[in-house]
Amino acid sequence: MCPNRQSSLAAAPELQRLLARYPPDPHALLQILRELQALQGWLAPDALGQLASALGLTLAQVQGVAGFYRFLHTRPVGAYRVLFSDNVTDRLLGSEALLADLCQRLGVVPGQLSADGLVSVERTSCTGLGDQGPALLINHHQVLTRLDPARVAHMAELIRARVPVPQWPAAWFEVQDNIRRADVLLGAPCAPGAALTQSLARGADATLAEIKRSNLRGRGGAGFATGLKWELCRQAPGTEHIVVCNADEGEPGTFKDRVLLSRQADAVFEGMTVAAHVLGARRGFLYLRGEYRFLLEPLQAVLQRRRAEQLLGTHILGQAGFDFDIAIHVGAGAYVCGEESALIESLEGKRGTPRIRPPFPAEHGYLGHPTLVNNVETFCAVAHIAQHGGALWAGIGTPKSTGTKIHSVSGDCARPGLYEYPLGTPVSRLLADCGARDTQAVQVGGPSGVCLAADEFERRIAFEDVPTAGAFMVFDRSRDMFEVARGFAHFFAHESCGFCTPCRVGTALLVKRMDKLAGGHGSRDDLDVLFELDRLLHSTTHCGLGASACNPLRDTVLKFRPAYEQRLQSLDFEPGFDLDAELSIARRMTGRDDAAAHLENRT
């Protein structure tokens, strides 16, 4: 019997074992749901009811969380759950044809459960493997890279034979780091404890001064001054301070944090511990995106080793009163949780809905405590600064954009992978080094970033010119930039949390208009409506997701307008709805055969 066909009553002992490991705390809800599903196959209604009772929550609250995250299922899914990465770079490499081939071989429709309950095949957002796609996830936590027709054919055979996934060819699961250019962060890692030793020798005040002296700005995209953020959090009143590492690297085209977590985990945890020393924090969390679930066990092993080496836990490095430890919280597939307040909501076991700000997390964050949130690359930079001093970091890059930046390069280039450069490096340097040829456009910073045309390639990657969260997607002149923008529009509509009407409805309307243009029914009126949607979303949405949803549209219309104009059928108005075609079904059902029924025009 397939796991998803088991009686839901079987969840009771499994749930009891999970509750024995977790405190009866509603803030553990998401982690319990995630692990329960891994045991049960899906989240059955009676299991959700039992969990609600155990945690003192209403059934509606538990169902609300279970229904929010893409990787949680409240209906049966296949024993083999296949999720194809649907980022634009995967599509450029043929992922759609591979998905169709697998579905044909298995006799399954995308998004539907096979009749025997064996398999379900769907699309998911970028899996953070853009340098080695097409890629997919199996059962949400095992990744397959570099897909091709032969692998897909073999995969179908293994699924039909019900071969357990761990017994599939090991080469399929190989994830390469692809470090093409290393500088201070991707180069030789510092010895565990080196940065922390220097920080303790300086003292908390002097360490904070070094962070401020470095002029380090957050590497998550917004670029807020790290030292100022730490100072505000440190000064915020509260009985406890919390340190959070945002490892929810969900921006399509970005994969640098994945590599840092696999190669430089000590530096990440060291940077968090330095922050705890400065803030006087005792608790820390690493929020690991659900797509990176395969990194959980290696990261847990690093944490355990650091505890054994007195780099975490009580009396760190022998200093009485310096107690700090880190727990890993695994997400369940929600792009919006990359926003720091939505991430904190998820940490608290709730839906990842962004909060109204102010107050900011530095003042009122996890469980109301002052909470410092920085991303993976930022904490790596902190470890470097704590060991070598702020002046060295400040001497790299530009005065307003100090240090280095790691870029996740993918798309139409010979050498995709990670490239680390001092900030202030021109786009043209990255294109030359990655082997890009005949480049038409570069999407910097992911869909929420900026699209650059060829006449802008001498612009520099820096906060004062072209800021970025790390994605660098290359498109040569064979690519249709309208289709690139349309793919991004679908991404934002799919990832909207639905909290605010402008984003929930506006992103859907954006997709509808883009699909109308793609279907050959476009007009100048549609372009006007798209620009109006841009103004609406940019000025009225609750968080940055909606505000940036039209960025790819705006850039591509302005810089690649012919890609849109060739789809216009009229300069005035072209309907996207064929009333006669829709009514013809009803006319046939009522037996109409007169001329007004227009049946002769319908097949």
Side-chain angles (χ1 to χ4, degrees), residues 1-15 17-18 22 28-52 54-55 57 59-86 99 102-103 106 108-125 127 136-144 159 162 164-165 248 250 288-294 296 329-337 346 349-353 494-498:
M1 182 179 292
C2 294
N4 60 316
R5 298 301 189 192
Q6 293 175 351
S7 168
S8 55
L9 293 176
E14 295 163 348
L15 180 56
R17 286 194 293 271
L18 282 176
Y22 286 96
L29 173 60
L30 179 56
Q31 299 307 291
I32 295 173
L33 287 172
R34 186 181 57 78
E35 294 193 30
L36 179 62
Q37 179 174 277
L39 295 170
Q40 184 184 351
W42 65 293
L43 299 170
D46 62 341
L48 296 182
Q50 295 167 20
L51 183 55
L55 297 182
L57 297 169
L59 179 59
Q61 287 174 308
V62 175
Q63 290 174 330
V65 172
F68 180 84
Y69 295 92
R70 187 171 60 253
F71 291 172
L72 298 181
H73 305 290
T74 56
R75 293 184 297 175
V77 294
Y80 294 88
R81 298 178 296 283
V82 182
L83 296 174
F84 275 81
S85 180
D86 195 32
L99 181 149
L102 181 65
C103 288
L106 294 174
V108 64
V109 176
Q112 296 183 15
L113 177 65
S114 62
D116 59 0
L118 180 65
V119 63
S120 51
V121 180
E122 299 183 54
R123 299 172 182 85
T124 189
S125 298
T127 56
L136 58 77
L137 298 174
I138 294 285
N139 298 344
H140 305 310
H141 68 277
Q142 291 169 296
V143 299
L144 272 68
I159 290 174
R162 301 175 185 257
V165 176
D248 192 60
L288 183 68
R289 72 180 303 220
E291 290 84 347
Y292 292 168
R293 165 62 182 79
F294 67 96
L296 178 60
H329 178 111
V330 183
Y335 167 75
V336 73
C337 287
S346 187
K350 296 181 285 190
R351 296 164 63 93
T353 302
H494 182 261
E495 294 293 346
S496 172
C497 75

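Considering CD of Glu122 and CG of Leu99, their distance stands at 10.0 Å, rounded to 0.5 Å. The distance from the CD1 atom of Ile138 to the CD1 atom of Ile159 is 5.5 Å, given to the nearest 0.5 Å. Note that CG of Leu118 is 4.5 Å distant from CZ of Arg162, once rounded to the nearest 0.5 Å. Summarising the geometry, atom CG belonging to Leu144 is positioned 11.5 Å from atom CG belonging to Leu83; distances are rounded to the nearest 0.5 Å. Taken from CD in Glu14 to CD1 in Ile32, the straight-line distance is 13.5 Å, to the nearest 0.5 Å. Rounding to the nearest 0.5 Å places OG of Ser125 at 5.5 Å from NE2 of His494.
Considering every non-hydrogen atom in both Ser120 and Val77, the closest pair reads OG-CB, 4.0 Å. In this structure, Leu30 and Ala332 approach most closely via the heavy-atom pair CD1-CB, 4.1 Å. Nearest heavy-atom pair, Leu113 versus Pro76, reported as atom, atom and distance to 0.1 Å: CD2-O, 3.9 Å. The two residues Ala47 and Leu15 make their nearest non-hydrogen contact at O-CD2, 3.9 Å.
No side-chain donor-acceptor contact under 3.5 Å links Gln63 to the backbone of Leu48. Using a distance-only test at 3.5 Å, with no hydrogens or angles considered, no donor-acceptor pair links the side chain of Thr127 to the main chain of Leu136.
For residues 72-82, no pair satisfies salt bridge (charged side-chain N to carboxylate O under 4.0 Å, His left out), with sequence neighbours left out.
Remark: Phe84 pairs with no residue by the ring pair (Phe, Tyr, Trp, His ring centres under 6.0 Å) rule, at least two apart or across chains. Judged as a side-chain contact (heavy atoms from CB on, under 4.5 Å), and not counting sequence neighbours, the contacts of Glu35 are Leu18, Arg21, Tyr22. By the side chain to side chain donor-acceptor pair (under 3.5 Å) test, Gln31 pairs with Arg34, His329, sequence neighbours left out. With sequence neighbours excluded, the residues forming a side chain to side chain donor-acceptor pair (under 3.5 Å) with Tyr69 are Ser346, listed by chain and number. With sequence neighbours excluded, the residues forming a side-chain contact (heavy atoms from CB on, under 4.5 Å) with Leu296 are Leu288, Arg293, Gln300, Ile328, Val330, listed by chain and number. Listed by chain and residue number, nothing satisfies the salt bridge (Lys or Arg N to Asp or Glu O under 4.0 Å) test with Arg351 (two or more places apart in sequence, or in another chain). In this structure Phe71 satisfies the ring pair (Phe, Tyr, Trp, His ring centres under 6.0 Å) test together with His140, sequence neighbours excluded. Checked against side chain to side chain donor-acceptor pair (under 3.5 Å), His141 has no partners two or more places apart in sequence or in another chain. Residues forming a side chain to side chain donor-acceptor pair (under 3.5 Å) with Thr124 (at least two apart in sequence, or on another chain): Arg70.
Just one residue in the list Leu72, Val65, Leu51, Val62 forms a side chain to side chain contact (heavy atoms under 4.5 Å, CB included) with Leu43, and that residue is Leu72.
The closest side-chain heavy-atom distance from Pro110 to Val121 is not below 4.5 Å.
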Q. What's the verdict on side chain to side chain contact (heavy atoms under 4.5 Å, CB included) for Phe68 and Val336, showing C-alpha distance, side-chain angles and the deciding distance?
A. CA-CA 11 Å; Phe68 180 84; Val336 73; 4.0 Å; yes

